[in-house]
Amino acid sequence: MQAKLDEVFRQQESAQFGSGRHAFLFKPGTYHGLNAQIGFYTHIAGLGLRPDDTTINGDVTVDAGWFNGNATQNFWRAAENLALNPVSGTNRWAVSQAASFRRMHVKGGLNLAPNGYGWASGGYIADTKVDGQIGNYSQQQWYTRDSAIGGWSNSVWNQVFSGVEGAPATSFPEPRYTTLNTTPISREKPFLYLDGDEYKVFAPAKRTGARGTTWASGTPRGESIPLSRFYVVKPGTTAATMNAALEQGLHLLFTPGVYHLDRTVNVNRADTIVLGLGLATIIPDNGVTAMRVADVDGVRLAGFLIDAGPVNSPTLLEVGPQGAAADHAANPTTVQDVYIRIGGAGPGKATTSMVVNSDDVIIDHTWVWRADHGEGVGWETNRADYGVRVNGDDVLATGLFVEHFNKYDVEWYGERGRTIFYQNEKAYDAPDQAAIQNGTTKGYAAYRVDDSVDTHEAWGLGSYCNYNVDPGIRQDHGFKTPVKPGVRFHSLLVVSLGGMGHYHHVINETGASTVPAGTSTVPSTVVSFP
């Protein structure tokens with residue numbers, strides 16, 4: 001096992017835009033002396049119903065030796081459903097975006113920084129118990145949801161907690177903690193497990209006012225679905241075959257691989273699960289939309305990457321058709337560890353990456369990224385104007401990462417939307433001020449609530465600029481919102497990274513300019529707005 005783990009890590013450690021996709025699935029039991037180093041597109045998981053069913057006396061490690069101790073590009077990997085007894089007493093998980101740590105039990109501490117405490121920039125923990133302290137150290141931002149922790153060490157810019165036993169109290173702006181006692185609505189990601197000798201997928205139940213893990217007090221609530229009700233998608237499977245399976249009433253389980261789609265995958269049946277293993281990646285060809293979900297109850301999309309193709313797609317993921325209006329409050333659709341990328345692995349284009357038209361959708365951990373490095377990167381080469389657009393009402397985002405879009409990163413048109421944790425960087429590669437001029441406004445907001453919206457609330461939001469092509473670029477603000485009694489923001493900040501561009505305000509015309517900080521990377525904060 002160690003030899004296989006090491007072999008895959010050698011292949012994947014620095015293969016940031018490679019085609020390898022890997023999943024390590026451990027049957028219930030106890031494993032001794034393993035150090036599973038997790039590289040790009042590598043997914044390690046236990047196959048028990050609870051994390052403690054599968055124990056590794058050893059470590060599941062992410063470090064940044066491949067990048068000279070800088071963890072800001074440790075993307076696209078996952079650890080799930082395992083108990084760990086770390087060799088040193090502390091497990092290292094130094095990641096940035098698109099790296100999920102779910103349903104884990106760390107019987108010790110957890111260190112979120114690379115060896116040497118170099119830069120690290122964001123991550124996500126859910127449904128996890130860490131017996132010891134979480135060492136945040138150099139992590140600039142982090143979101144932890146519905147977990148139990150022994151403590152948390154420090155803050156940098158934007159550390160957010162909801163439903164976390166042991167979390168520090170809200171103290172923003174210093175220390176930079178934003179804490180909600182509970183998560184309003186959550187439903188954990190579906191996962192593969194073994195019931196005796198039979199593979200099944202467990203679909204956890206919805207929780208309201210959630211706090212702590214789903215599994216600490218015994219068997220988690222939810223539904224077990226036999227693998228016989230899934231079509232197992234393997235490399236070479238066509239979109240037509242996937243659609244035929246969906247039309248027959250089957251769910252989809254994507255095995256690790258890269259899948260080209262010549263047509264849209266249409267998820268039309270309520271309660272359908274589309275689950276990826278090993279960061280399975282789908283690429284729409286010829287400008288099609290990769291996936292569309294009908295306006296139905298309870299669809300679960302989880303654990304895959306959509307990579308834009310070289311021909312512009314108008315959208316990459318649509319949840320609900322335009323004008324969707326059905327009530328899904330009792331059984332929402334969830335989008336979990338679903339990542340979107342435009343460029344980086346080669347030229348890619350998409351006008352709007354993710355559009356949410358249905359009501360009551362939960363977006364639980366996504367990274368929607370217009371690439372700022374890699375292949376096929378340039379202001380027009382990987383053109384992508386909009387990241388996430390929400391038209392549906394009562395949509396909740398828990399762990400929203402959206403970065404580098406040519407215009408607005410997030411636009412919200414639906415009523416009663418809520419976001420807990422938002423992380424953003426504006427597009428590095430804007431050639432000049434004119435390229436981001438938005439009418440009379442300098443720059444496009446990182447997160448914009450439309451003037452038509454009466455009710456919206458968001459907690460723990462950060463936007464950073466690094467205009468390294470033209471450091472003279474100015475943004476009027478990071479966030480734009482109507483000023484109404486029902487619209488409220490909590491714990492916001494903007495940061496100029498080393499003086500590469502600046503923000504004049506944080507939200508609308510409120511919040512200090514970052515210009516006085518010069519080349520010092522000092523956040524400008526707003527505790528609450530209005």
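Predicted model only: the values in this text are computed from it and were never measured. Nothing fancy with the numbering, it's 1 onward along the sequence.
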Does Asp429 pair with Arg370 as a salt bridge, N-O distance under 4.0 Å?
yes

In Å and rounded to the nearest 0.5 Å, what is the NZ to NE2 distance from Lys426 to His404?
10.5 Å

Distance-only donor-acceptor check, side chains Gln423 and Glu403, under 3.5 Å
yes

For residues Asp359 and His328, is any side-chain donor paired with an opposing acceptor at under 3.5 Å?
no

If you count every heavy atom of other residues, nucleotides or ligands that lies below 6.0 Å from Glu380 atom CD, does the total exceed 12?
yes

For the ring pair Trp66 and Phe40, is the centre-to-centre distance below 6.0 Å?
yes

With respect to Phe401, which candidate in Phe421, Trp369, Tyr447, Trp367 satisfies the ring-ring contact (aromatic ring centres under 6.0 Å, His included) definition?
Phe421

Closest heavy-atom pair, Ile306 versus Pro284, reported as atoms and distance to 0.1 Å, is CG2-CD, 4.5 Å

Residue pair Arg474 / Val515, side-chain heavy-atom distance below 4.5 Å:
yes

Side chains of Gln336 and Asp364: donor-acceptor distance under 3.5 Å anywhere?
yes

Between Asp127 and Arg102, is the closest basic N to carboxylate O distance under 4.0 Å?
no

Would you check, one step at a time, whether the test ring-ring contact (aromatic ring centres under 6.0 Å, His included) holds for His373 with Phe17?
CA-CA 10 Å; His373 63 271; Phe17 298 110; 5.8 Å; yes

Under the side-chain contact (heavy atoms from CB on, under 4.5 Å) rule, what do Phe405 and Tyr386 come out as? Steps first, then yes or no, please.
CA-CA 6 Å; Phe405 285 84; Tyr386 307 105; 5.7 Å; no

Is it true that Thr183 and Arg145 share a donor-acceptor pair across their side chains at a distance under 3.5 Å?
no

How long is the span from the CD atom in Gln437 to the NZ atom in Lys442, to the nearest 0.5 Å?
6.5 Å

Under the side chain to side chain donor-acceptor pair (under 3.5 Å) criterion, do Asn74 and Ser96 qualify, and how do the steps go?
CA-CA 5 Å; Asn74 282 350; Ser96 286; over 6 Å; no

For Ala64 and Pro114, work out which heavy atoms get closest and say how close.
CB-CB, 3.9 Å

Check step by step if side chain to side chain donor-acceptor pair (under 3.5 Å) holds for Ser162 and Tyr143.
CA-CA 8 Å; Ser162 68; Tyr143 176 52; 2.6 Å; yes

Answer yes or no: are there more than 12 heavy-atom neighbours, outside Asn286 itself, under 6.0 Å from its atom CG?
no

Quick test of your reading of the model: are Glu457 and Arg418 salt-bridged, counting only N-O distances below 4.0 Å?
no

Using a strict 4.0 Å threshold on nitrogen-to-oxygen distance, state whether Arg269 and Asp271 make a salt bridge.
no

Neighbour count >12 (heavy atoms, 6.0 Å) for atom CH2, Trp119
no

Nearest heavy-atom approach of Ala245 to Leu252 is CB-CD2, 4.2 Å

With no hydrogens and no angle check, just 3.5 Å: does a side-chain donor-acceptor pair link His502 and Thr514?
yes

Quick one: do the Tyr41 and Ser19 side chains pair a donor with an acceptor below 3.5 Å?
no

Find out whether His477 and Phe479 are in side-chain contact, i.e. whether some heavy atom of one side chain is under 4.5 Å from a heavy atom of the other.
no

Measure across Leu493 and Asn158 and return the closest heavy-atom pair with its distance rounded to 0.1 Å.
CD2-CB, 4.2 Å

Do you see a donor-acceptor pair shorter than 3.5 Å between the side chains of Thr481 and Asn508?
no

Taking atom types as modelled, find out whether Asn382 and Arg341 have a side-chain donor-acceptor pair closer than 3.5 angstrom.
no

From CA spacing to verdict: salt bridge (Lys or Arg N to Asp or Glu O under 4.0 Å), Glu7, Arg10
CA-CA 5 Å; Glu7 175 193 344; Arg10 281 193 296 272; 5.7 Å; no

Can you tell me if Asp295 uses its side chain to pair, donor with acceptor, with the backbone of Ala326 under 3.5 Å?
yes

Checking Tyr339 against Gln97: is there a side-chain donor and acceptor pair closer than 3.5 Å?
no

Tell me the closest heavy-atom pair linking Val453 and Pro482, and the distance in Å.
O-CG, 3.7 Å

Nearest-0.5 Å distance, CZ of residue Phe24 to OG1 of residue Thr42
6.5 Å

CG of Asp476 to CG of Asn438, rounded to nearest 0.5 Å, is 9.0 Å

Between Asp450 and Ser452: side-chain donor-acceptor atoms closer than 3.5 Å
yes

Counting only N and O atoms by type, is there a donor-acceptor contact under 3.5 Å from the side chain of Arg92 to the main-chain atoms of Ala113?
yes

Among side-chain atoms of Gln141 and Ser121, is any donor-acceptor pair under 3.5 angstrom?
yes

Donor-acceptor contact below 3.5 Å, side chain Asp432 vs main chain Ala434:
yes

From CD1 (Ile185) to CG (Asp360), nearest 0.5 Å:
7.0 Å

Where Ala71 and Ala120 come nearest, the two heavy atoms and their spacing:
CB-CB, 4.0 Å

Value rounded to 0.5 Å, distance of CG in Asn391 from CG in Asn357
5.0 Å

I'd like to know whether Glu318 forms a salt bridge (Lys or Arg N to Asp or Glu O under 4.0 Å) with Arg292, so could you lay out the CA-CA distance, the side-chain angles of the two residues, the decisive distance to 0.1 Å, and finally the verdict.
CA-CA 5 Å; Glu318 294 181 18; Arg292 287 194 177 100; 3.1 Å; yes

Check the side chains of Ser491 and Thr178 for a donor-acceptor pair under 3.5 angstrom, ignoring hydrogens and angles.
yes

Residues, nucleotides or ligands: over 12 heavy atoms within 6.0 Å of Glu375 CD
no

Do Tyr444 and Asp385 meet the criterion of a side-chain donor-acceptor pair at a distance under 3.5 Å?
no

Answer yes if the side chains of His365 and Asp337 hold a donor-acceptor pair under 3.5 Å, and no otherwise.
yes

Could you verify whether a donor N or O on one side chain and an acceptor N or O on the other, from Thr289 and Thr315, lie under 3.5 Å apart?
yes

